[in-house]
Amino acid sequence: MLGGGGFRVPLVYGALLGDGGEGRVTDVVLHDEDPARLAAMARVLAGQAAAAAADPRTPTPGPAPAVRATTDLDEALAGADFVFSAIRVGGLEGRAADERVALAEGVLGQETVGAGGIAYGLRTVPVARALARAVARRAPEAWVINFTNPAGLVTEAMAGILGDRVIGICDSPVGLGRRVARVLGARPEDAWVDYVGLNHLGWLRGLRVGGRDELPRLLADAKALESFEEGRLFGAEWLRALGAIPNEYLHYYYFNRETVRAYREARQTRGAFLRDQQRGFYAEAGRPGVAPGAALAAWERTRAEREATYMAENREAAGAGGREDGDMESGGYEKVALALMRAIARDERTTLILNVRNRSTLSVLDAEAVIEVPCLVDANGAHPVAADPLPLHATGLVTAVKAVEREVLAASESGSRAAAAKAFALHPLVDSAAVARRLLDGYRAVHPGLEYLR
């Protein structure tokens with residue numbers, strides 16, 4: 001696990017603890033550049049293992065997956081069957097700076113969307129490519145599961161080196177499909193979700209149960225539409241106009257002015273909130289003598305607060321109120337990761353929404369473009385399912401944002417300042433080439449990792 005000191009590591013380890021049957025994971029290696037974060041996270045995982053061992057409901061036979069931690073990348077990768085990549089270049093301080101610089105120019109600075117996502121990508125892609133080369137050298141048969149944001153962009157960067165052996169995952173479309181299915185009275189596992197787009201830029205266009213598309217029934221019922229998170233966020237009127245349920249991140253596009261205002265009026269940005277919150281957690285969990293159970297309890301408290309405040313500014317802008325229990329239900333990206341590993345390692349064929357190379361799925365994009373779509377997964381990897389064309393409005397957004405991603409990839413490879421400025425200027429949420437140049441200057445001033453752009 002690259003970024004093994006990261007806050008969401010226990011989600012994946014918890015999924016592994018609950019995985020019974022043959023071929024389960026036996027060894028987990030945490031890699032991080034920060035020994036203190038590694039030590040704190042190893043303590044949390046020890047608490048999880050102890051709790052699972054004492055819980056009669058835990059299905060895992062035998063001992064929990066062994067955990068060791070290292071700051072040596074080659075040591076971590078040696079002999080790996082799967083590599084999870086969940087790094088954050090620049091840390092949460094970097095995310096907070098991404099938000100501040102953009103908001104000072106009056107544009108969105110979100111982690112993966114708009115100017116903030118571009119700045120984060122420019123910092124992250126060179127590191128992701130270096131990690132991909134290390135995997136190719138030390139663990140050439142490994143499958144890489146990429147959690148690192150911006151997930152589609154980073155997966156495409158790594159795929160240039162690793163090909164189809166890198167697969168990106170995100171819990172947003174999975175959660176959306178699950179919520180829509182339950183509102184319609186269907187079990188999520190019985191539903192086929194017609195979802196297509198890029199990471200954090202996709203639309204649920206249908207949900208089939210027993211061969212029948214049930215989405216029109218939902219769109220006709222305003223009360224049902226506004227009974228779940230995305231419905232309250234976008235409003236029934238706009239969802240009916242679209243004829244689809246957008247990924248929650250499209251709120252930044254469809255209600256950009258309102259969201260930017262809410263972000264500028266907030267006491268602190270999301271990145272600053274998480275930075276301060278996690279600083280407290282790591283200090284508590286990393287104190288000498290703290291028991292694993294106490295470290296786990298601190299992590300669980302911190303996670304509950306994190307989930308309750310997710311996209312708070314967007315909900316405020318929409319008047320959507322606080323998150324409900326169903327909105328915060330677990331079973332997100334860690335379960336997608338486990339299902340993906342099972343399908344590949346055990347040939348347990350399944351269908352998952354993943355970030356993979358397009359091939360011929362969307363005719364408006366080339367074969368190498370990474371998209372987010374349902375895939376059939378087996379021992380040979382993930383295979384995108386054929387999809388109907390996007391409507392014109394969605395095609396415009398997808399192609400515009402993919403063009404931005406391509407400029408980020410070009411700039412990170414060549415070091416071209418002009419390409420980086422072009423990436424900012426082309427984004428639909430940056431409304432001026434002059435602003436784009438100022439954004440790049442602002443980010444270079446606060447991020448030493450962008451000095452390569454000349």
Side-chain angles (χ1 to χ4, degrees), residues 85 87-90 94-95 97-99 101-102 105 107-133 146-162 166 168 170 197-202 249 252-253 355-358 364-372 396-433 435-454:
S85 179
I87 64 171
R88 182 177 289 282
V89 179
R95 175 174 175 176
D98 289 343
E99 295 163 339
V101 170
E105 291 291 344
V107 299
L108 184 73
Q110 204 274 335
E111 176 192 20
T112 64
V113 177
I118 294 169
Y120 189 24
L122 288 168
R123 291 201 309 280
T124 304
V125 165
V127 179
R129 283 188 174 126
L131 291 173
R133 288 190 289 268
N146 178 54
F147 303 128
T148 300
N149 277 325
L153 171 64
V154 171
T155 300
E156 188 165 329
M158 298 182 84
I161 298 163
L162 299 171
V166 57
C170 179
L198 307 180
N199 179 240
H200 290 180
L201 192 82
Y249 283 83
Y252 294 112
Y253 293 85
N355 286 267
V356 296
R357 293 200 283 191
N358 177 49
V364 296
L365 297 175
D366 60 62
E368 306 304 311
V370 166
I371 61 174
E372 190 168 75
L397 274 177
V398 164
T399 53
V401 172
K402 181 55 70 176
V404 170
E405 291 183 353
R406 289 290 169 80
E407 294 299 334
V408 171
L409 292 173
S412 65
E413 189 164 28
S414 67
S416 168
R417 182 188 180 110
K422 185 178 177 184
F424 285 106
L426 290 179
H427 199 283
L429 301 184
V430 176
D431 57 0
S432 163
V435 169
R437 289 190 291 270
R438 292 200 299 271
L439 285 167
L440 179 55
D441 289 341
Y443 285 128
R444 290 185 76 250
V446 298
H447 291 311
L450 294 183
E451 291 175 352
Y452 73 91
L453 295 169
R454 298 186 183 278

Asker: Holding to side chain to side chain donor-acceptor pair (under 3.5 Å), I want the full list of residues that pass it with E405, two or more places apart in sequence or in another chain.
Answerer: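 By the side chain to side chain donor-acceptor pair (under 3.5 Å) rule, E405 matches K402.
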Asker: Please identify each residue that fulfils salt bridge (Lys or Arg N to Asp or Glu O under 4.0 Å) with R437, with sequence neighbours left out.
Answerer: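 Expected list: none.
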Asker: What residues, two or more places apart in sequence or in another chain, satisfy side chain to side chain donor-acceptor pair (under 3.5 Å) together with E368?
Answerer: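 So E368 forms a side chain to side chain donor-acceptor pair (under 3.5 Å) with R357.
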Asker: Can you list everything that forms a salt bridge (Lys or Arg N to Asp or Glu O under 4.0 Å) with D431? Sequence neighbours excluded, please.
Answerer: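 D431: no salt bridge (Lys or Arg N to Asp or Glu O under 4.0 Å) contacts found.
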Asker: Hey, what do you get for CG (N149) to CZ (R95), rounding to the nearest 0.5 Å?
Answerer: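 Atom-to-atom, N149:CG and R95:CZ are 8.5 Å apart.
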Asker: Using the side chain to side chain donor-acceptor pair (under 3.5 Å) rule, take N146 and T155 through it: C-alpha gap first, then chi angles, then the decisive distance, then the call.
Answerer: CA-CA 6 Å; N146 178 54; T155 300; 3.0 Å; yes
Asker: Minimum heavy-atom separation for L153 and G121, please, with both atom names.
Answerer: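 Shortest heavy-atom separation between L153 and G121 comes out as CD2-CA, 3.8 Å.
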Asker: Can you name the residues that form a side chain to side chain donor-acceptor pair (under 3.5 Å) with R88, not counting sequence neighbours?
Answerer: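 Here the qualifying residues are E111.
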Asker: List the atom pairs, with distances to 0.1 Å, where a side-chain N or O of residues 444-454 and a protein N or O form a donor-acceptor pair under 3.5 Å, not counting sequence neighbours.
Answerer:
residue, atom, partner, partner atom, Å
R444, NE, L453, O, 3.1
R444, NH2, L453, O, 3.1
H447, NE2, D98, OD1, 2.7
H447, NE2, R123, NH1, 3.1
Y452, OH, L122, O, 2.7

Asker: If we only count heavy atoms from C-beta on, is the V127 to I87 side-chain gap below 4.5 Å?
Answerer: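 Yes. Closest side-chain heavy atoms under 4.5 Å.
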Asker: Sequence neighbours left out, what passes ring pair (Phe, Tyr, Trp, His ring centres under 6.0 Å) with F147? Give chain and number order.
Answerer: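 So F147 forms a ring pair (Phe, Tyr, Trp, His ring centres under 6.0 Å) with F84, Y333.
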Asker: List the residues meeting side chain to side chain contact (heavy atoms under 4.5 Å, CB included) with S414, not counting sequence neighbours, and say none if there are none.
Answerer: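 Partners of S414 by the side chain to side chain contact (heavy atoms under 4.5 Å, CB included) criterion, ordered by chain and then number, come out as S416.
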Asker: Using side chain to side chain contact (heavy atoms under 4.5 Å, CB included) as the criterion, list what pairs up with A157, not counting sequence neighbours.
Answerer: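 Per chain and number, A157 pairs via side chain to side chain contact (heavy atoms under 4.5 Å, CB included) with V125, R129, L409.
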Asker: Under the side chain to side chain contact (heavy atoms under 4.5 Å, CB included) test, which residues partner A403, sequence neighbours left out?
Answerer: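 Once residues adjacent in sequence are excluded, A403 has no partner under the side chain to side chain contact (heavy atoms under 4.5 Å, CB included) criterion.
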Asker: Could you work out, with side chain to side chain donor-acceptor pair (under 3.5 Å) as the rule, every residue matching E372, not counting sequence neighbours?
Answerer: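 Side chain to side chain donor-acceptor pair (under 3.5 Å) list for E372, sorted by chain: Y195, N199, N355.
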